[in-house]
Chemist: 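Got a structure for you, written out below as structure tokens; questions coming shortly.
Because the structure is a prediction, the values reported are computed rather than measured. All residue numbers in this chain count up from 1 along the given sequence.
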Amino acid sequence: QSSLDNALATMSLLMGGTEEKRKPAPRMRFEHGLPVVPPIGGNLSSEEIEEQLQELTNQLAATRAATSAASSRPQTDNPLAAAARPVPAHVAYDKKVLLFNAFFKQTVHESADEHFRVRYVKIYYYLEDDTMSVLEPVIPNSGLVQGKLVTRQLLPKDNMGNTWHWKDLNVGIDVSIYSRVYHIYSCDPFTENFLTQEGIILNDFEDPPVDPHLLKRQEVDKPRAEAVAPSEFDKLHNFVQLDRKVLRFQAEWEQPEGVRPLQVLYYLVDDTIEIRETHSKNDGRDPVKLLMKRQKVPRNHKAKPLAFPSIVMEMKEDELTDIISPEDLGIGKTVNMLGRNIYLYDCDEFTKAFYAENFGVGDFMPAEAQSTTRIAAQPPQMKFPPKVFGSDEDAMLSTQRLAPQRPNKVFNKLFEHGNAALRFSAHINTANAFDAGRKFVLSYHLAHDTISIFEVAKPNSGAKGGKFMEARKVKKGEGKDGPVYYTEDDLYVGAELLINAQKFVLDNADKFVLDFMIAHNFPEDRIAATRAAVEGAAAEK
């Protein structure tokens, strides 16, 4: 500061003043309308002015150096002064929160089961800025909107503009926040230590009242079945040991209109029963396979608890305890399954082995089936004449089904023979000279057992050559089970076939027919006749 004062004094001397008293500045003079500036330094010479200016520059440089040195000096020169310096609240109380446990009672209107609810909350007080928030822990199945009830803010204490301070909080007091009264009954250990160090005497902790709604929910949410130690009959053991193992019984269900044959399947893996219907041809019933779906069947389906609403609900499988087991089943027994009396009269080999191993049963003689005596034998199937259009198989299938269906094809012969055919030359055995001179090629298609006939064109004969008969099965005669058709065994050189009331005589064949007859072990006389015809035709060529 003294250096600055000296510099100012020197500048005043340069401006023409003295240290004791500065002379007033002379009035501005004007010459020819322009101001005249008085000379700097008064009566000093130019050399003296330069010396004083140089001295002033040196003093200013020294002042700057002293100022910079003072600013770079460390602040810990005086420890007592540093310790007495105040610390901001946001630094001293950063992340320090007081936690109070509280509750409030909420009235429940228009309810016959409850009149009020006790809602438990947590009051947070943030020391860094004296703000507060109220949070309610979420309770499952409470039916209330829970979570953050009051956001973090300065909460008013009264109508005078005062806000809640941590000195006003204690255990056992009521805190009014926006017209809702919270009663504090405890706090966490950090809050207890903080208030004790600040000289606040905490009241004794209290036990909060029990919410009556939570007491009811505990009864509802309580597990229905007690946990038991796993045994060798648990689900995993059953699945590993008994999966895909089924007891199969042949059974009957007696009804006023007759006896219906059934199949009873007992699945050992989960003790469920399934009943299937056994249909016969033209039994007059819908083709439904399942009479009862797979489920656990109780021994007495009417035995239910008195409070069970059986009018609108059925018992689940988990609620069934007394169910039908393998001990209740056996040959010759009648078992009631959901009100139906099922008579078991036979079983398969696996079921016999299961009962012999687990129950020591040795007699598995089938019981007499009631359906053999009470159901009349099926009448013989009527044979209908074939239709005008289509083959005999098509006509017969149209009489057996409402929706016509194509005959089944034999695919193994198609894969074996493909388009192979046995070709023969033939003529008609007749007294008519015109028909006796006609020549035909008869082909037997091995894949479909059909015969096609092609007429060889002959010039100036009066007969038109070409397709004589398309490929189709040719009926040979009638048998016990239906019509009998020509096969490859009936075709050889010299054979006579009756086709469309015409007698066709096979008089020659090609080399493939001879090889086919030899490969399939035809009679020797037929092979010899065919070989003679084939070799004779080759010699003529």
Side-chain angles (χ1 to χ4, degrees), residues 386 388 390-394 407 409-410 412-541:
V388 178
S391 62
D392 296 340
E393 292 84 354
D394 291 334
K409 295 183 179 180
V410 183
N412 56 352
K413 298 187 68 174
L414 178 62
F415 295 149
E416 181 181 359
H417 301 291
N419 296 327
L422 304 179
R423 285 182 291 272
F424 297 87
S425 62
H427 65 275
I428 299 177
N429 184 12
T430 179
N432 190 346
F434 176 77
D435 292 337
R438 300 166 67 180
K439 298 295 183 181
F440 301 91
V441 175
L442 186 145
S443 301
Y444 182 85
H445 304 278
L446 296 171
H448 309 288
D449 296 330
T450 57
I451 296 176
S452 63
I453 301 177
F454 182 84
E455 184 176 2
V456 181
K458 186 176 181 181
N460 302 323
S461 63
K464 183 180 178 181
K467 183 186 293 186
F468 182 81
M469 185 185 72
E470 65 180 3
R472 64 182 179 87
K473 289 187 176 182
V474 180
K475 187 186 299 185
K476 180 180 178 181
E478 292 291 339
K480 295 181 180 180
D481 299 331
V484 180
Y485 300 95
Y486 283 111
T487 62
E488 63 269 18
D489 297 334
D490 302 320
L491 305 180
Y492 54 91
V493 175
E496 187 177 271
L497 309 179
L498 182 62
I499 302 174
N500 293 342
Q502 301 289 341
K503 295 182 179 180
F504 286 85
V505 179
L506 307 182
D507 50 21
N508 206 339
D510 59 0
K511 183 68 167 54
F512 176 77
V513 175
L514 178 61
D515 297 338
F516 181 83
M517 297 176 68
I518 296 174
H520 290 78
N521 300 324
F522 274 62
E524 293 295 336
D525 54 345
R526 298 182 181 181
I527 296 177
T530 305
R531 179 182 289 109
V534 171
E535 292 177 355
E540 291 179 1
K541 292 182 179 180

Chemist: For K473, check side-chain hydrogen bond (donor to acceptor under 3.5 Å, both in side chains) against everything at least two apart and list the hits.
Modeler: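 With neighbours one apart ignored, the set is empty.
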Chemist: Mark yes when over 12 heavy atoms from residues, nucleotides or ligands other than N412 sit less than 6.0 Å from its CG; otherwise mark no.
Modeler: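 Above 12, so yes.
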Chemist: Can you measure from CG (L422) to CG (L442) and round to the nearest 0.5 angstrom?
Modeler: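 One finds 9.5 Å between CG of L422 and CG of L442.
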Chemist: Could you check if a side-chain atom of K475 sits within less than 4.5 angstrom of a side-chain atom of Y485, using non-hydrogen atoms only?
Modeler: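 Yes; the side chains approach each other to less than 4.5 Å.
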Chemist: Looking only at heavy atoms, which two atoms of I451 and M469 are closest? And how far apart?
Modeler: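 Scanning both residues, the minimum pair turns out to be O-CE, 3.3 Å.
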Chemist: Minimum heavy-atom separation for F522 to L491, with atom names?
Modeler: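 Heavy atoms of F522 and L491 come nearest at CE2-O, 4.3 Å.
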Chemist: What residues, two or more places apart in sequence or in another chain, satisfy side-chain hydrogen bond (donor to acceptor under 3.5 Å, both in side chains) together with K458?
Modeler: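 Partners of K458 by the side-chain hydrogen bond (donor to acceptor under 3.5 Å, both in side chains) criterion come out as none, since no residue qualifies.
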Chemist: Just verifying a value: how many Å separate F516 CZ and D510 CG, rounded to the nearest 0.5 Å?
Modeler: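 F516 CZ to D510 CG: 12.0 Å, rounded to 0.5 Å.
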Chemist: Which heavy atom in F424 sits nearest to a heavy atom in V493, and how many Å separate them?
Modeler: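 Looking at all heavy atoms of both residues, the shortest contact is CE2-N, 4.4 Å.
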Chemist: Any side chain to side chain donor-acceptor pair (under 3.5 Å) pairs touching residues 437-451, not counting sequence neighbours?
Modeler: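 Pairs touching residues 437-451 that pass the test: K413-D449, D435-R438, R438-E455, Y444-D449, Y444-E488, H445-S452.
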Chemist: Under the salt bridge (Lys or Arg N to Asp or Glu O under 4.0 Å) test, which residues partner D489, sequence neighbours left out?
Modeler: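 Counting only residues at least two positions away or on another chain, D489 forms no salt bridge (Lys or Arg N to Asp or Glu O under 4.0 Å).
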Chemist: Using 0.5 Å steps for rounding, measure from the NZ atom of K476 to the OG1 atom of T487.
Modeler: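 Taking NZ in K476 and OG1 in T487, the distance rounds to 6.5 Å.
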Chemist: Side chains of residues 496-507: which donor-acceptor pairs under 3.5 Å do they make with residues two or more places apart or in other chains?
Modeler:
residue: E496; atom: OE1; partner: N429; partner atom: ND2; Å: 3.2
residue: N500; atom: OD1; partner: R472; partner atom: NH2; Å: 2.8
residue: D507; atom: OD1; partner: S425; partner atom: OG; Å: 2.6
residue: D507; atom: OD2; partner: H427; partner atom: ND1; Å: 3.1

Chemist: How would you list all residue pairs meeting side chain to side chain donor-acceptor pair (under 3.5 Å) that involve residues 513-534, not counting sequence neighbours?
Modeler: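 Residue pairs passing side chain to side chain donor-acceptor pair (under 3.5 Å), neighbours aside: K511-D515.
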Chemist: Show the nearest heavy-atom pair for residues F512 and A420, with the distance to one decimal.
Modeler: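 Looks like CZ-CB, 4.1 Å.
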Chemist: Write down the atom of G418, the atom of A447, and the distance for their closest heavy-atom approach.
Modeler: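 For G418 versus A447, the nearest heavy atoms are O-CB, 3.3 Å.
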